[in-house]
S.K.: 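One structure, pasted below without further comment.
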Amino acid sequence: MKLQPPKGTKDLLPEENEERQEIYKEMRDLFETYGYGEVKTPAFEHFELLAEKSGPQIEEEIYAFEDKGGRKLGLRFDPTVPIARIVASDPSKPKPIKYYYITRMWRYDQPQAGRMREFWQAGCELIGTDEPEADAEILKIANGLLESVTGERFTMKVNSRDISEAIAEEAGATDEEERMELFRAIDKLDKKSRREVRDELMEKDVSVNKFDDMMDQIESENVPKDADENLEKIIDKAKELGVSEEDIEIDLSIARGLDYYTGFVFETFLKGKEDKGSVCSGGRYDSLIGLYGNQEVPATGFGLGIDRLLEITEKKKKEKRYRPADIYVCPVNDEVRDEALRLTQELRSDGFRVDTDLKKRGISKQLKYIDSKDIPYALIIGPREIENEEVSFKDMETGEERAIAMKEMQDYLKELPAIKQRSMKKEDHEDL
RNA sequence: GCCGUGGUGGUGUAGUCUGGCAGCAUGUGGGACUGUGGAUCCCUUGGCUCGGGUUCAAAUCCCGACCACGGCCCCA
């Protein structure tokens, strides 16, 4: 019996999950500030729907299976497809539609750095408008999300499919397949040298001359006029929304996913760690929804790899242990166990996070347990305390101890730093 | 799908080159110390990823699989 999770998956235990829940909460609040609503779509879809966008060879790269009714299904590998399905199925929804998601996805990939078979992605879609303001909003949300969650700065590298297509046109690359190969090659340049990329193209029998022509244009930043104008507008609007100048960079080599995007595209890199690759990318996809319905609906959006984000920013809360309770009630011996249990329950109904001994252990082992769980306060109760109608309060960090009268206890506990902090945090969330 | 490195109690490790009783630490569980011992001491628990091969003998050498980490391919 194998006890490890399947290849490319992992368990999230309370320690790590607690940290993530905080991040998700922050993300939700931000999306909702901009008027987006959360959607949850099924884990699996009709295979046909998934294949529509990318062709049947997608089967090699995802989890696809047949159910007991003989339906061909596949696990979601991209959150945009189900959302496009929803919109295509009801084109009468008032526009714009603003949806966001925080969810897991699956791809049948070879696991490696920043790539799991099951992984988490957050993102949003803004559907029903093709104005530059819409793309600017997407850029702003992505930027704000990255920076507020990590406290780091990111470079938003932007480009436009129109520009890339115009460059390809000028280089004489007319064949669709050839263009894709060339874009793919250009996109690799952040990881590979120009020579290596050229060698690969030669092996694939793709014209190296066209590649060189395109590179010359990209490097000269001699951008075809019309295409450029719209991108400039988007950048201007994003700046108006508060994205700082030095966070935006036009990079004509950004080409990832071009067969899906129709206009504006962007990728984001953690400043100083550009070699780790993009953590968040998005852009405009005006023809996807039309694939599923009988009506073209313009749309823009982005997706963000949560696991990858946490990995490259090294959220270093490793030493932070999961704290199952703030207060632990320690009965000193068996005589007072019932009293301890009563006290515990009373505090719980007052809203404190309280635990007590359920293993009939001695006080020494109890203190050791409290310490190992990072619980900050202990209430020691024994015959002496009961007689005086008090408890011995122990601060686990300092080791100091003092007697608190039973009736004053609630007020005293409420004012403790670790407890106050938690209830304040709760209120903060409720305000938003 | 391909390539590289690795896999020893729950966790961290020694042992692998040079085959010869699998060791240490920590954790878990129990106990002693009869209310501060969050200590200390004692006991217990539990392991060579799996399958073949070589050998008198395999954690150790060889082959394969699986898994992990990293890279390639691909990335909608």
Side-chain angles (χ1 to χ4, degrees), chain A residues 1-10 13 45 49-62 74 76-82 84 105-117 119 121 180-181 183-185 187-188 191-192 196 200 203-204 255-262 265 267 275-278 281-283 285 287-288 291 301 303 305 308 311 328 330-336 340 359-387 391-403:
Chain A
M1 192 74 185
K2 241 190 240 177
L3 296 181
Q4 55 190 163
K7 183 169 179 165
T9 66
K10 64 172 185 171
L13 301 185
E45 295 277 353
L49 183 93
L50 301 176
E52 182 70 39
K53 194 180 89 177
S54 328
Q57 80 290 349
I58 192 69
E59 185 161 3
E60 305 301 315
E61 295 156 47
I62 69 172
R76 170 173 15 97
F77 64 93
D78 175 344
T80 307
V81 169
M105 304 198 302
W106 303 266
R107 291 186 191 177
Y108 198 84
D109 263 330
Q110 214 45 245
Q112 55 187 270
R115 183 186 283 184
M116 295 270 105
R117 287 189 168 177
F119 58 99
Q121 188 163 328
M180 297 314 281
E181 285 295 347
F183 288 142
R184 232 172 265 155
D187 194 46
K188 276 182 194 165
K191 294 187 95 175
K192 283 188 169 175
E196 285 173 300
E200 265 177 40
E203 264 171 52
K204 286 185 179 168
R256 180 173 281 176
L258 269 187
D259 62 335
Y260 161 83
Y261 293 112
T262 53
V265 290
E267 295 203 21
D275 59 309
K276 294 284 180 186
S278 175
S281 58
Y285 52 99
S287 49
L288 180 65
L291 267 185
R308 213 173 265 199
E311 201 171 297
Y328 194 96
C330 284
V332 127
N333 59 31
D334 284 346
E335 292 166 44
V336 295
K359 286 178 68 73
K360 299 215 163 107
R361 284 196 276 217
I363 185 164
S364 169
K365 289 266 158 91
Q366 289 185 53
L367 287 168
K368 193 175 170 181
Y369 175 80
I370 297 168
D371 187 49
S372 78
K373 290 290 183 185
D374 204 29
I375 297 169
Y377 309 112
L379 293 176
I380 297 166
I381 182 165
R384 283 208 301 262
E385 283 82 0
I386 289 173
E387 193 165 330
V391 294
S392 292
F393 167 83
K394 189 179 179 81
D395 181 321
M396 294 303 289
E397 197 171 332
T398 61
E400 277 167 32
E401 211 175 308
R402 52 174 298 187

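In what follows, every chain begins at residue 1, and chains take the letters A, B, ... in the order their sequences are listed. Computed from a prediction, not measured in an experiment: that's the story for all the values here. Side chains are part of it too, since the values below use all heavy atoms of this structure and drop only hydrogens, waters and symmetry mates.
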S.K.: Whole angstroms only, please: what is the CD1-C1' distance between A:I363 and B:G35?
M.R.: 6 Å
S.K.: Check side-chain contact (heavy atoms from CB on, under 4.5 Å) between A:K7 and all other residues, then give those that pass, not counting sequence neighbours.
M.R.: A:Q110, A:P111, A:R117
S.K.: Check whether any side-chain nitrogen or oxygen of A:K365 sits under 4.0 Å from OP1 or OP2 of B:G37, and answer yes or no.
M.R.: no
S.K.: Which value, in whole Å, describes the distance between the P atoms of nucleotides B:U49 and B:A68?
M.R.: 16 Å
S.K.: Can you tell me how far C1' in B:A58 sits from the matching atom in B:U16, rounded to whole Å?
M.R.: 11 Å
S.K.: What contact category does A:R361 fall into here, base, sugar-phosphate, or nothing, at under 4.0 angstrom with non-hydrogen atoms?
M.R.: sugar-phosphate
S.K.: Report the nucleotide, chosen from B:G30, B:G35, B:G71, that has the shortest atom-to-atom distance to any side-chain atom of A:I380.
M.R.: B:G35
S.K.: Within this structure, what is the CG-to-P distance between A:L367 and B:C33, rounded to whole angstrom?
M.R.: 18 Å
S.K.: Can you identify which nucleotide, out of B:A68, B:C72, B:U36, has its nearest atom closest to the A:P111 side chain?
M.R.: B:A68
S.K.: For the side chain of A:E60 and the backbone of A:Q57, is there at least one donor-acceptor N/O pair under 3.5 Å apart?
M.R.: no
S.K.: Does B:C75 have OP1 or OP2 under 4.0 Å away from a side-chain N or O of A:R184?
M.R.: yes
S.K.: Which of these nucleotides, B:G37, B:G35, B:C73, is closest to any side-chain atom of A:S364?
M.R.: B:G37
S.K.: What is the separation between atom CD on A:Q366 and atom P on B:G31, rounded to the nearest whole Å?
M.R.: 13 Å
S.K.: Give A:M116 one of three labels, base, sugar-phosphate or nothing, depending on what nucleic acid heavy atoms sit under 4.0 Å from its own.
M.R.: sugar-phosphate
S.K.: Answer with yes or no after comparing the ring centroid distance for A:Y377 and A:Y328 against a 6.0 Å cut-off, counting only values under it.
M.R.: no
S.K.: Using atom P in both nucleotides, what's the gap between B:C63 and B:G23 to the nearest angstrom?
M.R.: 29 Å
S.K.: Which nucleotide in the list B:C73, B:C74, B:G38 gets nearest to the side chain of A:E61?
M.R.: B:C74
S.K.: When rounded to the nearest Å, what value does the distance between P atoms of B:U60 and B:U18 take?
M.R.: 14 Å
S.K.: When all nucleic acid strands are considered with a 4.0 Å heavy-atom cut-off, which category describes A:Y369: base, sugar-phosphate, or nothing?
M.R.: nothing
S.K.: Evaluate the side-chain proximity of A:K360 to A:D334: yes if any heavy-atom separation is below 4.5 Å, no if none is.
M.R.: yes
S.K.: Just the rounded figure in Å: distance from P of B:G1 to CD1 of A:I62.
M.R.: 16 Å
S.K.: Does A:I370 reach a base, just sugar-phosphate, or nothing at all? Heavy atoms under 4.0 Å.
M.R.: nothing
S.K.: When all nucleic acid strands are considered with a 4.0 Å heavy-atom cut-off, which category describes A:G399: base, sugar-phosphate, or nothing?
M.R.: base
S.K.: For atom P, what is the distance between B:C73 and B:C56, given to the nearest Å?
M.R.: 48 Å
S.K.: Distance between the P atoms of B:G30 and B:A39, in whole angstroms?
M.R.: 16 Å
S.K.: Quick check for you: to the nearest 0.5 Å, what is the distance between A:T80 atom OG1 and A:L288 atom CG?
M.R.: 7.5 Å
S.K.: Between A:K373 and B:G38, does any side-chain N or O lie under 4.0 Å from OP1 or OP2?
M.R.: no
S.K.: Taking any heavy-atom pair under 4.0 Å as a contact, classify A:R115: base, sugar-phosphate, or nothing.
M.R.: base
S.K.: Using the P atom as the point on both nucleotides, what is the distance between B:G70 and B:G51, in whole Å?
M.R.: 28 Å
S.K.: B:C75 P sits how many Å from A:F119 CZ, rounded?
M.R.: 15 Å
S.K.: Between B:A57 and B:C21, how far is it from one P atom to the other, in whole Å?
M.R.: 15 Å
S.K.: Under 4.0 Å between any heavy atoms, over every strand shown, what does A:E401 touch: base, sugar-phosphate, or nothing? Just pick one.
M.R.: base
S.K.: Let me know the distance between CD of A:Q4 and C1' of B:C50, rounded to the nearest Å.
M.R.: 11 Å
S.K.: Give, for atom CZ of A:R361 and atom CD of A:Q366, the distance between the pair rounded to the nearest 0.5 Å.
M.R.: 7.5 Å
S.K.: For A:I381 and for A:A113, find the nucleotide of RNA chain B with the closest heavy atom, then tell me which residue's nucleotide is more 5'.
M.R.: A:I381
S.K.: At under 4.0 Å between heavy atoms, what does A:G114 touch on the DNA or RNA strands: base, sugar-phosphate, or nothing?
M.R.: nothing
S.K.: Does A:K188 have a side-chain nitrogen or oxygen under 4.0 Å from the phosphate oxygens OP1 or OP2 of B:C74?
M.R.: yes
S.K.: Using modelled atom types only, decide if a donor and an acceptor are shared between the side chain of A:E61 and the backbone of A:R107 within a distance under 3.5 Å.
M.R.: no
S.K.: Base, sugar-phosphate or nothing for A:E385? Non-hydrogen atoms, less than 4.0 Å.
M.R.: base
S.K.: If the cut-off is 4.0 Å, is A:K394 near the phosphate of B:U36, judged by side-chain N/O to OP1 or OP2?
M.R.: no
S.K.: Do A:R308 and A:E311 sit within salt-bridge range, that is, some charged N less than 4.0 Å from a carboxylate O?
M.R.: no
S.K.: Looking across every strand, which nucleic acid part, if any, lies under 4.0 Å from A:E60 by heavy atom: base, sugar-phosphate, or nothing?
M.R.: nothing
S.K.: State the CG-CE distance between A:L367 and A:M396, to the nearest 0.5 angstrom.
M.R.: 5.0 Å
S.K.: Using 0.5 Å steps for rounding, measure from the SG atom of A:C330 to the NZ atom of A:K365.
M.R.: 14.0 Å
S.K.: Taking Watson-Crick and G-U wobble pairs with both distances under 3.5 Å, convert RNA chain B into its dot-bracket string, 5' to 3', dots for unpaired and | for cross-strand pairs.
M.R.: (((((((..((((......[..))))..((((.......)))).....(((((..]....))))))))))))....
S.K.: Which one, B:G38, B:G29, B:C74, comes nearest to the side chain of A:K368?
M.R.: B:G38
S.K.: Any ion pair linking A:E200 and A:K188 (charged N to carboxylate O, less than 4.0 Å)?
M.R.: yes
S.K.: Rounded off to whole Å, could you give me the CD-to-C1' distance for the A:E181 and B:C74 pair?
M.R.: 11 Å
S.K.: Report which part of the nucleic acid A:K360 touches: base, sugar-phosphate, or nothing (heavy-atom distance under 4.0 Å, all strands).
M.R.: nothing
S.K.: Take atom CG of A:D187 and atom P of B:C75, then tell me their distance rounded to the nearest Å.
M.R.: 9 Å
